[in-house]
Amino acid sequence: MKFASVDIGSNTTLLLIVEQTGKSFEVLSDKIYFTRLAENLHKTKSFSPASLERLERAFKSIEETLKKYDIEKVAIVATSASRESQNKKQLFDLGEKYKLSDIEIISPEREAELTFMGSLFALGHEFDNPLVVDIGGGSTELVSKKRSWSLNIGSVSLTEKFLTHQALSRIDKINLNNYIEKELEFVQDFLQEKFDVIIFVAGTPISLGFMEHQTSNPNEIHGKIMKEEQLHFWLEKLSKLSLEERKQIKYLPQYRSDVIVSGLSLLNQILKFTKQKQFLVSVTGVRYGLILEQMEKKSYL
């Protein structure tokens, strides 16, 4: 049996199609579309015409891919940017146009639940008390077995608020880090609990893994341990480069080159608050959580 999921995020839209094999599954298609729905959202409170054009191209491709694999039903959710937008009707209109009519704009709590479930998939480790951190474009989810917290900051919103296309200036760096620290102070007690592992998921840590391990294959970095000093090396290196120079960095996806510095800065500050010296990278997340949820529901029918 085949299952499909779509995660409409603030920076990217992700499509996952799998075929069940016993209690697990084989990935048939795992696609990423650069849609950046959070573009200028903090200023306009609405999806921009450009972001809706990007989303329409993504939906057209998704419709074609679902037809190719003969998928009739897909679990499709939208997160932070869609929660905030005042013209979200256009999202639903595009969904209707491309037969993706069951779009669900999920709460931060539901996003956290799906993130936690999906991010732990096939890591090759068992953990007693993991902390999963999903750095998105518009929000960041912090999830443990006992509780979760959604921060209204992400790589896109931080970039638009503090950064330019030039190398990070000393003042920009101070302002960015001060802002992140103030936001994290609200969850300081949570972050300083005794977690046996910190797991970072989504585009920022994945891009970091690509650069560090010199690969563009997500399977090669899933579950990899990364050290604090590796993070510091890339954050310092990329902070000193302009956008055009970052676009030349091998294995850094170009659609993340403008937001990678703010994303890594946020990752770095979260790691500092947890007082951990290393973390795991997960390349799964919400879309995998949706697949696992569908499979679990099907098993009870």
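As a basis for the values below, the full set of heavy atoms in this structure was taken, side chains included, without hydrogen atoms, waters or symmetry mates.
In this structure, the side chains of Trp234 and Leu252 stay at 4.5 Å or more apart for every pair of heavy atoms. No side-chain heavy atom of Leu55 sits under 4.5 Å from any side-chain heavy atom of Tyr33. Side-chain contact between His232 and Leu271 is absent, with no heavy atoms from C-beta onward closer than 4.5 Å. The side-chain heavy atoms of Glu141 and Val133, taken from C-beta on, include no pair separated by under 4.5 Å. A 4.5 Å side-chain heavy-atom check between Phe92 and Ile105 finds at least one atom pair inside the cut-off. A 4.5 Å side-chain heavy-atom check between Ile206 and Ile221 finds at least one atom pair inside the cut-off. Inter-residue side-chain proximity for Leu120 and Tyr288 is flagged as unmet; no heavy-atom pair is nearer than 4.5 Å. Looking at heavy atoms from C-beta onward, Ser61 lies in side-chain contact with Thr65 at the 4.5 angstrom threshold.
When atom types are taken as modelled, the side chain of Gln248 and the backbone of Glu245 share no donor-acceptor pair closer than 3.5 angstrom. The closest donor-acceptor contact from the side chain of Lys88 to the backbone of Ser85 lies under 3.5 Å. The main-chain N or O of Ala81 is found under 3.5 Å from a side-chain atom of Ser10 such that the two form a donor-acceptor pair. Between the side chain of Ser262 and the backbone N or O of Val259, at least one donor-acceptor pair lies under 3.5 Å. Asn87 places no side-chain N or O within 3.5 Å of a backbone atom of Ser46 that could act as its donor or acceptor partner. A donor-acceptor pair is defined here as one N or O able to donate and one able to accept, closer than 3.5 Å; such a pair exists between the side chain of Glu160 and the backbone of Asn40. Panel note: side chain Glu26, backbone Leu28; no donor-acceptor pair is recorded below 3.5 Å. For the pair Gln276 (side chain) and Phe195 (backbone), a donor-acceptor distance under 3.5 Å is present. Arg287 places no side-chain N or O within donor-acceptor distance of the main-chain N or O of Leu16, the cut-off being under 3.5 Å. Under a 3.5 Å cut-off, the side chain of His222 and the backbone N or O of Phe121 do form a donor-acceptor pair.
Hydrophobic clustering (ILVMFWY, side-chain heavy atoms < 4.5 Å, transitive): Ile198 and Val187 are in one cluster. Cluster annotation: Ile225 and Phe200 are assigned to distinct hydrophobic clusters (Ile/Leu/Val/Met/Phe/Trp/Tyr, side-chain heavy-atom contacts under 4.5 Å, transitive). Hydrophobic clustering of Ile, Leu, Val, Met, Phe, Trp and Tyr side chains at less than 4.5 Å, counting indirect connections, unites Leu176 with Leu231. Put simply, Leu243 and Val261 are part of two different groups of oily side chains (I, L, V, M, F, W, Y) that touch within less than 4.5 Å, one to the next. In the hydrophobic cluster analysis, where Ile, Leu, Val, Met, Phe, Trp and Tyr join through side-chain heavy atoms closer than 4.5 angstrom, Leu264 is grouped together with Met226.
Between the CG atom in Leu267 and the CG atom in Leu235 there is a gap of 9.0 Å [rounded to 0.5 Å]. Remark: Ile171 CD1 to Leu168 CG distance equals 10.5 Å, nearest 0.5 Å. In this structure, the separation between CG on Leu290 and CD1 on Ile76 is 9.5 Å, given to the nearest 0.5 Å. Leu151 contributes atom CG, which lies 10.5 Å from atom OG of Ser157 (distance to the nearest 0.5 angstrom). Atoms CG and OG, on Leu238 and Ser257 in that order, are 9.5 Å from each other to the nearest 0.5 Å. The CG atom of Leu131 sits 13.5 Å away from the CH2 atom of Trp149 when rounded to the nearest 0.5 Å.
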Practice task
Output, in order, the C-alpha distance, side-chain angles, deciding distance and verdict of side-chain hydrogen bond (donor to acceptor under 3.5 Å, both in side chains) for Ser51 and Ser48.
Solution key: CA-CA 5 Å; Ser51 67; Ser48 70; 3.2 Å; yes
Practice task
Just do the side-chain contact (heavy atoms from CB on, under 4.5 Å) check on Tyr255 and Arg36 with the steps written out, would you?
Solution key: CA-CA 9 Å; Tyr255 59 86; Arg36 190 158 293 181; 5.7 Å; no
Practice task
Take Thr35 and Thr13 through the test side-chain hydrogen bond (donor to acceptor under 3.5 Å, both in side chains) and record every step on the way to the result.
Solution key: CA-CA 6 Å; Thr35 46; Thr13 295; 3.0 Å; yes
Exercise for the section: Test Glu63 against Lys97 for salt bridge (charged side-chain N to carboxylate O under 4.0 Å, His left out), laying out the working first. Expected result: CA-CA 10 Å; Glu63 181 189 36; Lys97 181 176 180 178; over 6 Å; no
Handout entry: Pair His213-Glu220, side-chain hydrogen bond (donor to acceptor under 3.5 Å, both in side chains): steps then yes or no
Key = CA-CA 8 Å; His213 293 282; Glu220 292 182 10; over 6 Å; no
Problem - Stepwise side-chain contact (heavy atoms from CB on, under 4.5 Å) test for Ile8 and Phe59 - result: CA-CA 10 Å; Ile8 305 171; Phe59 276 8; 3.7 Å; yes
Practice task
Give the C-alpha distance, both sets of side-chain angles, the deciding distance and a yes or no for side-chain contact (heavy atoms from CB on, under 4.5 Å) between Glu181 and Asn178.
Solution key: CA-CA 5 Å; Glu181 286 176 9; Asn178 284 345; 4.2 Å; yes
Exercise for the section: Given salt bridge (charged side-chain N to carboxylate O under 4.0 Å, His left out), test Lys173 with Glu236 step by step and report yes or no. Expected result: CA-CA 11 Å; Lys173 185 175 183 179; Glu236 286 301 307; 3.0 Å; yes
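Residues Tyr251 and Glu212 have side chains that never bring a donor and an acceptor to within less than 3.5 angstrom of each other. Looking only at atom types and distance, the side chain of Gln278 has a donor-acceptor partner in the side chain of Lys227 under 3.5 Å away. At a cut-off of 3.5 Å, with distance as the only test, no side-chain donor of Thr215 or Asn217 sits close to an acceptor on the other residue. For Ser282 and Thr284, the side-chain atoms include at least one donor-acceptor pair closer than 3.5 Å.
The salt bridge (charged side-chain N to carboxylate O under 4.0 Å, His left out) pairs that include a residue from residues 108-132 are Arg83-Glu111, Glu104-Arg110, Arg110-Glu293, where partners are two or more places apart or lie in different chains.
The side-chain tip of Arg54 points at the ring of Phe34 from less than 6.0 angstrom away and within 45° of straight on.
Ion pairing between a basic and an acidic side chain is recognised when a charged N comes within 4.0 Å of a carboxylate O; Lys89 and Asp93 show such pairing. A salt bridge links Lys60 to Glu64: at least one charged side-chain nitrogen sits closer than 4.0 Å to a carboxylate oxygen. Using a cut-off of 4.0 Å between Lys/Arg side-chain N and Asp/Glu carboxylate O, Glu19 and Lys2 are scored as not salt-bridged. Looking at Arg147 and Glu193, a side-chain N of the basic residue comes within less than 4.0 Å of a carboxylate O on the acidic one, giving a salt bridge. For Lys247 and Asp258, the salt-bridge test fails: no basic side-chain N is under 4.0 Å from an acidic carboxylate O. One finds no salt bridge joining Lys277 and Glu229 here, because no Lys/Arg side-chain nitrogen approaches an Asp/Glu carboxylate oxygen to under 4.0 Å.
The aromatic ring centroids of Phe3 and Phe25 lie 6.0 Å or more from each other.
Environment of CZ in Phe186: sparse, with no more than 12 heavy atoms of neighbouring residues, nucleotides or ligands closer than 6.0 Å.
Between Leu114 and the options Val286, Val143, Asp134, a side-chain contact (heavy atoms from CB on, under 4.5 Å) holds for only Val286.
Looking at every heavy atom in both residues, Gly95 comes nearest to Ile103 through CA-CD1, 4.0 Å. Nearest heavy atom pair, residue Phe116 against residue Ser144, reads CE1-C, 3.9 Å.
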